[in-house]
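All values reported here derive from a predicted model rather than from experimental measurement.
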Amino acid sequence: MTTTDDKALKANDHDHVSNEAMATVADKAPITAERKVRADLETKLPKPYLARALAASDSENVNGTSGHKHENMTVLQQHAAFFDRDNDGIIYPLETYRGFRAIGFNVIASFWFMILVHGVMSYATLPTWIPSLFFPIYIRNIHRAKHGSDSGTYDTEGRYIPANFENMFSKYARTVPDKLTFGELWHMTEANKNAFDFFGWIASKMEWGVLYILAKDDQGFLSKEAARRCFDGSLFEYCAKVRDGGVAKME
């Protein structure tokens, strides 16, 4: 049974947390000094460690993407939903092909992305153990297709963790604080490798490589904002509108 004195002692310990207890660098692990984590997030973003179900928040966008409708889906589901062209909750290969074409990829690239995405992800999302020759991806179960060796920004249920997203840039953006070069992206995917996770290694490099091709700016950087909007799928909507001439391209 907890006494009043015990509670007071715990509160006192919390008020007097030591610098050592809050240290993010260990001298005997130089990698912790090389890859810095954000220690100031709580001053800019409420509960940055809290996994968000509906919004892809960061320190500049605490409520997620302005004007983006979450439709009560997780952030991971929102990411996939762009490719559900008829909004029935199931993505078929032809829809994925059309989605990649809509955001600007050519016929050959869109075809190969369609083959890879559905060949790898379809079975994991099926509501039954019986394979389907139509290779559908069920958005309801998209969390089952999450692979290892990733950034950890999505949790295992498809929620979005702002602190992990922010730490991608504090750890790996060396040239410009809120942008990543191709080399820095490569370094990040190398650093995120889990032992013997060969599939995750390849999948992570392919995903970030495709995003880099899609969203890099004229100086060859992938911006923090483009990466964040990829997580909730609003980047795909934006790219499709730019290609159709509906909106101006972001600077």
Side-chain angles (χ1 to χ4, degrees), residues 56 65 68-69 71 73 75-126 131-142 144-147 149-151 154 179-183 185-186 188-189 198-223 225-251:
T65 303
H68 176 63
K69 296 180 179 179
E71 304 294 350
M73 293 187 288
V75 176
L76 178 56
Q77 288 175 323
Q78 294 169 47
H79 170 84
F82 171 80
F83 297 93
D84 180 14
R85 310 303 283 175
D86 60 3
N87 298 309
D88 66 351
I90 305 171
I91 307 170
Y92 289 97
L94 186 57
E95 292 180 289
T96 296
Y97 171 83
R98 288 173 175 165
F100 276 109
R101 291 289 289 140
I103 60 179
F105 287 98
N106 64 34
V107 171
I108 296 173
S110 298
F111 177 79
W112 281 111
F113 292 153
M114 174 191 74
I115 297 295
L116 288 170
V117 167
H118 285 266
V120 166
M121 297 176 65
S122 173
Y123 186 72
T125 70
L126 296 180
S132 171
L133 295 178
F134 295 103
F135 291 94
I137 293 173
Y138 284 74
I139 294 177
R140 179 183 180 87
N141 299 325
I142 194 67
R144 297 179 184 171
K146 183 181 182 294
H147 59 77
S149 301
D150 62 356
S151 67
Y154 293 128
K179 296 181 180 181
L180 293 165
T181 65
F182 181 79
L185 279 174
W186 186 272
M188 180 181 76
T189 57
F198 304 111
F199 172 75
W201 301 352
I202 296 169
S204 184
K205 278 187 164 50
M206 288 189 62
E207 289 166 356
W208 284 103
V210 169
L211 176 58
Y212 180 80
I213 293 169
L214 175 65
K216 67 181 175 67
D217 63 21
D218 294 337
Q219 287 74 47
F221 291 105
L222 176 68
S223 72
E225 178 66 357
R228 185 190 66 79
R229 292 185 65 173
C230 177
F231 278 97
D232 70 5
S234 62
L235 177 70
F236 306 141
E237 298 166 4
Y238 163 77
C239 290
K241 288 177 182 176
V242 168
R243 191 165 182 265
D244 288 341
V247 297
K249 189 173 182 179
M250 290 187 297
E251 294 297 329

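The CZ atom of Phe105 lies 15.0 Å from the CE atom of Met114; values are rounded to the nearest 0.5 Å. Between the NE2 atom in His68 and the CZ atom in Arg229 there is a gap of 9.0 Å [rounded to 0.5 Å]. The distance from the CE atom of Met73 to the CG atom of Asp232 is 10.5 Å, given to the nearest 0.5 Å. Taking NE2 from His118 and CD from Glu95, the interatomic distance works out to 7.5 Å, rounded to the nearest 0.5 Å. In this structure, CZ on Phe82 lies 6.0 Å from CD1 on Ile103, to the nearest 0.5 angstrom. The CD1 atom of Ile91 lies 11.5 Å from the OH atom of Tyr138; values are rounded to the nearest 0.5 Å.
Shortest non-hydrogen contact noted between Ala145 and Met121 is CB-CE, 3.7 Å. In terms of heavy-atom proximity, Ala102 sits nearest to Arg85 at CB-NH2, 3.8 Å. Among all heavy-atom pairs drawn from Lys179 and Ser223, the shortest one is CG-CA, 4.0 Å. When all heavy atoms of Phe135 and Pro93 are compared, the pair lying nearest together is O-CD, 3.7 Å. Leu185 and Leu180 make their closest contact through CD2-CD1, 3.7 Å (heavy atoms, listed as atom of the first residue, atom of the second, distance). Considering every non-hydrogen atom in both Ser204 and Thr189, the closest pair reads OG-CG2, 3.6 Å.
When the shell of 6.0 Å around CZ of Arg144 is examined, it contains more than 12 heavy atoms from other residues, nucleotides or ligands. Within 6.0 Å of CZ on Phe111 lie no more than 12 heavy atoms contributed by other residues, nucleotides or ligands. Heavy atoms of other residues, nucleotides or ligands lying less than 6.0 angstrom from CH2 of Trp186 number 12 at most. Around the CZ atom of Phe182, the shell of radius 6.0 Å holds no more than 12 heavy atoms that belong to other residues, nucleotides or ligands.
For the pair Ile137 and Ile142, the minimum side-chain heavy-atom distance is below 4.5 Å. By the 4.5 Å heavy-atom criterion applied to side chains, Leu222 and Trp208 are counted as neighbours. The side-chain heavy atoms of Val75 and Gln78, taken from C-beta on, include a pair separated by under 4.5 Å. Side-chain contact check for Leu211 versus Ile213: every heavy-atom pair is 4.5 Å or farther apart.
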_Residues Val120, Phe199; criterion side chain to side chain contact (heavy atoms under 4.5 Å, CB included); working and verdict_ = CA-CA 10 Å; Val120 166; Phe199 172 75; 3.1 Å; yes
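No donor-acceptor distance shorter than 3.5 angstrom exists from the side chain of Tyr97 to the backbone of Phe113, with no hydrogens or angles considered. Gln77 contributes a side-chain N or O that, together with a main-chain N or O of Ile139, makes up a donor-acceptor pair within less than 3.5 Å. At least one donor-acceptor pair closer than 3.5 Å links the side chain of Thr125 to the backbone N or O of Ser122.
By the ring pair (Phe, Tyr, Trp, His ring centres under 6.0 Å) test, Tyr154 pairs with Phe231, sequence neighbours left out.
With no hydrogens or angles considered, no side-chain donor-acceptor pair links Ser234 and Arg228 at under 3.5 Å.
Taking the ring centroids of Phe236 and His79, they lie under the 6.0 Å cut-off.
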